[in-house]
Structures are given as C-alpha cells and as structure tokens.
Amino acid sequence: MNTPDNGVRPTDGPVVALVPAAGRGVRLGESTPKAFVPVGGTPMVRLAVEGLIASGAVDRIIVMVPTELVDSAVALLPPTGSVQVVVGGAERIDSVRAGITAAPDAAYFLVHDAARALTPPELIARVTAELRAGRPAVVPGLPVTDTIKSVDAAGAVTGTPERAGLRAIQTPQGFAADLLRSAYATEGIQATDDAGLVERLGVGVHTIPGDPLAFKITTPLDLRLADAVLDGAGIGRAVAP
C-alpha cells in the first residue's frame, strides 16, 4: 500500500480502541443503558468488543461505562488482558476524553460506538490499515440513498444538497493518537462525531467504504433488525467466553 502524501509517515505503535458505553440510550426505550441491551442474547458492548478483537488489528480496548456499571462490564466482557474498563462521563465527549487519558502510550486510536455492535471485523481492520499506511484520520461511510433536505426552524425547505457528495459516516473512526489528543485538548467543545473535532484543526479526514452491518442501533426498530440479522445469518465470533 502506498503512503498517502499528507506529511504523515507510518509509524509502529499500539492501536487502542475506545468504546464509549456510558450513554443512556433514551431513544431505544429500554431501562438498561443502551450498550448493555442484548442483541441476540448478548449485550451490544460485548459484541462490539468481540468484533474489535476478531479484527486482529487492535492491541488494546478501553471501554468507558457509568460508575455503577464498572463491575458489571468487567464481568460480561471477554476476560483478556487487552480489555480495560474505565469510568466514562456524562456526555460521549467526556467518555472519549477519559479513554484518551487512560492510553498515554497509544500511537493510534479507534473510536467505536458500542451501538454499532454488528460491525464486521474486516471493516475495523481496513480502517487500521489506512492509519498504519499514514492517513492521519480515517472514517468509514456509506453513500446516502435518501434525498436530503435542509430546513429552517419552521420546517420550510431551504435546500437540497446533491447526495452524490454525501456519506453516512460510521465507526470505528481512526486517528493518529496525537491528532485526537489535540482535538480533545479544548474543554467545552461539541461535535456529533470525533472526525468533526479533527476537521476543526484543519486536518483532512479520509473516507473508506463502510458496511451496512455497521449500522447504529438507536431505536426499537434498529434493535429488531439487529436481532433478525443475528438470527438469520448466524453471525458469531470466536472469542473466549
């Protein structure tokens, strides 16, 4: 693979995956925090971590959970030395910052939503390969199939962007570690994804083809779809119980 001409050169060093799992998931309509809701009988966070392990591309995984669920998370996650549980924050951005702090040795970070529990390991490996080839920031994305409208506060349409230039962005999102640390260095910042914070630094973010299975489980319909996918496809990963 050729090194992209962006001034960043490949380096060796650990890839650390950060899995925010402290969100309450109100839209899912469950009493349990979203990451701990089962899909096909297995909590989403466990499925997400198994996928990261199965990719063979991640050296360490840090899962950020609510304080009261630390012990539960440790008990349900694969008992390997590569998985660490830390206390997350009130907001996703606080949880990711906690994960960054817990991995001062990381050369690369993957930030991966626990709610994208069915993400194929092959997609994770491709994001990591792009990072090791010299890309400073890599995100998977799918072409947008619906027509998108921008609207004002009253609901009136203000524009129709050309969908050929749009992508629905998934995770894991991959970054050179120092770049993500810089993006999170300012308190009070907000963005809908980590790549948005990196973009504010003026750094180019590269997209690669995503995967339909990396959809985010956000609503009860998403949960039913995820259950059906597991039941129909027999998806499983060889990870120690």
Side-chain angles (χ1 to χ4, degrees), residues 1-20 47-61 92 96 99-100 103 106-146 148 161-184 191-218 222 226 229 233 235 237:
M1 182 181 297
N2 294 328
T3 300
D5 187 13
N6 52 24
V8 178
R9 291 294 173 263
T11 61
D12 292 326
V15 175
V16 178
L18 308 179
V19 183
L47 289 173
V49 168
E50 287 179 349
L52 289 163
I53 294 172
S55 76
V58 176
D59 298 294
R60 197 157 100 249
I61 302 166
R92 182 183 185 280
V96 174
I100 291 172
Y108 308 97
F109 283 118
L110 300 182
V111 186
H112 187 39
D113 294 332
R116 297 185 188 273
L118 305 187
T119 300
E122 294 79 10
L123 177 58
I124 298 166
R126 284 195 285 116
V127 171
T128 305
E130 290 285 338
L131 287 176
R132 289 203 178 276
R135 301 278 189 192
V138 182
V139 298
L142 292 176
V144 174
T145 55
D146 291 330
I148 304 297
E162 174 54 55
R163 66 185 181 189
L166 300 176
R167 294 293 182 273
I169 299 303
Q170 303 176 318
T171 71
Q173 297 188 0
F175 308 95
D178 286 346
L179 176 59
L180 193 64
R181 292 185 186 107
S182 296
Y184 271 84
T192 57
D193 71 347
D194 303 280
L197 298 179
V198 168
E199 290 161 28
R200 294 181 184 183
L201 299 179
V203 177
V205 176
H206 181 68
T207 63
I208 64 170
D211 191 292
L213 284 176
F215 69 93
K216 190 174 185 180
I217 303 170
T218 302
D222 297 330
V229 168
I235 292 175
R237 295 169 182 137

Decide yes or no on side-chain contact (heavy atoms from CB on, under 4.5 Å) for Leu201 and Leu179, but give the supporting numbers first.
CA-CA 9 Å; Leu201 299 179; Leu179 176 59; 3.9 Å; yes
Do the non-hydrogen side-chain atoms of Ile208 and Leu123 ever get within less than 4.5 Å of each other?
yes
Between Arg132 and Val15, is there a side-chain heavy-atom distance shorter than 4.5 Å?
yes
Decide yes or no on side-chain contact (heavy atoms from CB on, under 4.5 Å) for Thr128 and Tyr108, but give the supporting numbers first.
CA-CA 8 Å; Thr128 305; Tyr108 308 97; over 6 Å; no
Are Val111 and Leu180 side-chain neighbours, meaning at least one heavy-atom pair lies under 4.5 Å?
yes
What's the separation between atom CZ in Arg126 and atom CG in Leu131, rounded to the nearest 0.5 Å?
13.0 Å
In terms of heavy-atom contacts, Ala195 and Val139 come closest through CB-CG1, 3.8 Å
Shortest non-hydrogen contact between Ala106 and Ala177, atoms and distance:
O-CB, 3.1 Å
When rounded to the nearest 0.5 Å, the distance separating CG of Asp194 from CD of Gln173 is 5.5 Å
In this structure, CZ of Phe109 is separated from CZ of Arg181 (nearest 0.5 Å) by 4.5 Å
Of all heavy-atom pairs between Asp59 and Gly13, which one has the smallest distance, and what is that distance?
OD2-O, 4.1 Å
Taking atom CG of Leu197 and atom OG of Ser182, what is their separation to the nearest 0.5 Å?
11.5 Å
How close do Ser55 and Pro121 get, heavy atom to heavy atom, and via which atoms?
CB-O, 3.4 Å
Answer yes or no: is there a side-chain heavy-atom contact under 4.5 Å between Val16 and Ile61?
no
Taken to the nearest 0.5 Å, the spacing of Ile100 CD1 from Phe175 CZ works out to 9.0 Å
Taking all atoms of both residues into account, what is the closest heavy-atom pair of Leu110 and Gly174, and its distance?
CD2-CA, 3.7 Å
Say whether Gln170 and Asp211, considering side chains only, have a donor N or O and an acceptor N or O under 3.5 Å apart.
no
Beyond-backbone contact of Val127 with Pro140, side-chain heavy atoms, under 4.5 angstrom:
yes
Test side-chain contact (heavy atoms from CB on, under 4.5 Å) applied to Val19 and Asp113, step by step:
CA-CA 6 Å; Val19 183; Asp113 294 332; over 6 Å; no
For Ala226 against Ile217, the heavy-atom pair lying closest together:
CB-CD1, 3.6 Å
Could you tell me whether the side chain of Thr119 reaches within less than 4.5 Å of the side chain of Pro172, counting heavy atoms only?
yes
Can you find a heavy atom in the side chain of His112 that is under 4.5 Å from one in the side chain of Leu18?
no
Can any side-chain N or O of Asp193 pair as donor or acceptor with the backbone N or O of Gly196 at less than 3.5 Å?
yes
Does the side chain of Leu118 come within less than 4.5 Å of Val229's, by heavy atoms?
yes
About how many Å separate CD of Glu130 and OG1 of Thr207, when rounded to the nearest 0.5 Å?
9.5 Å
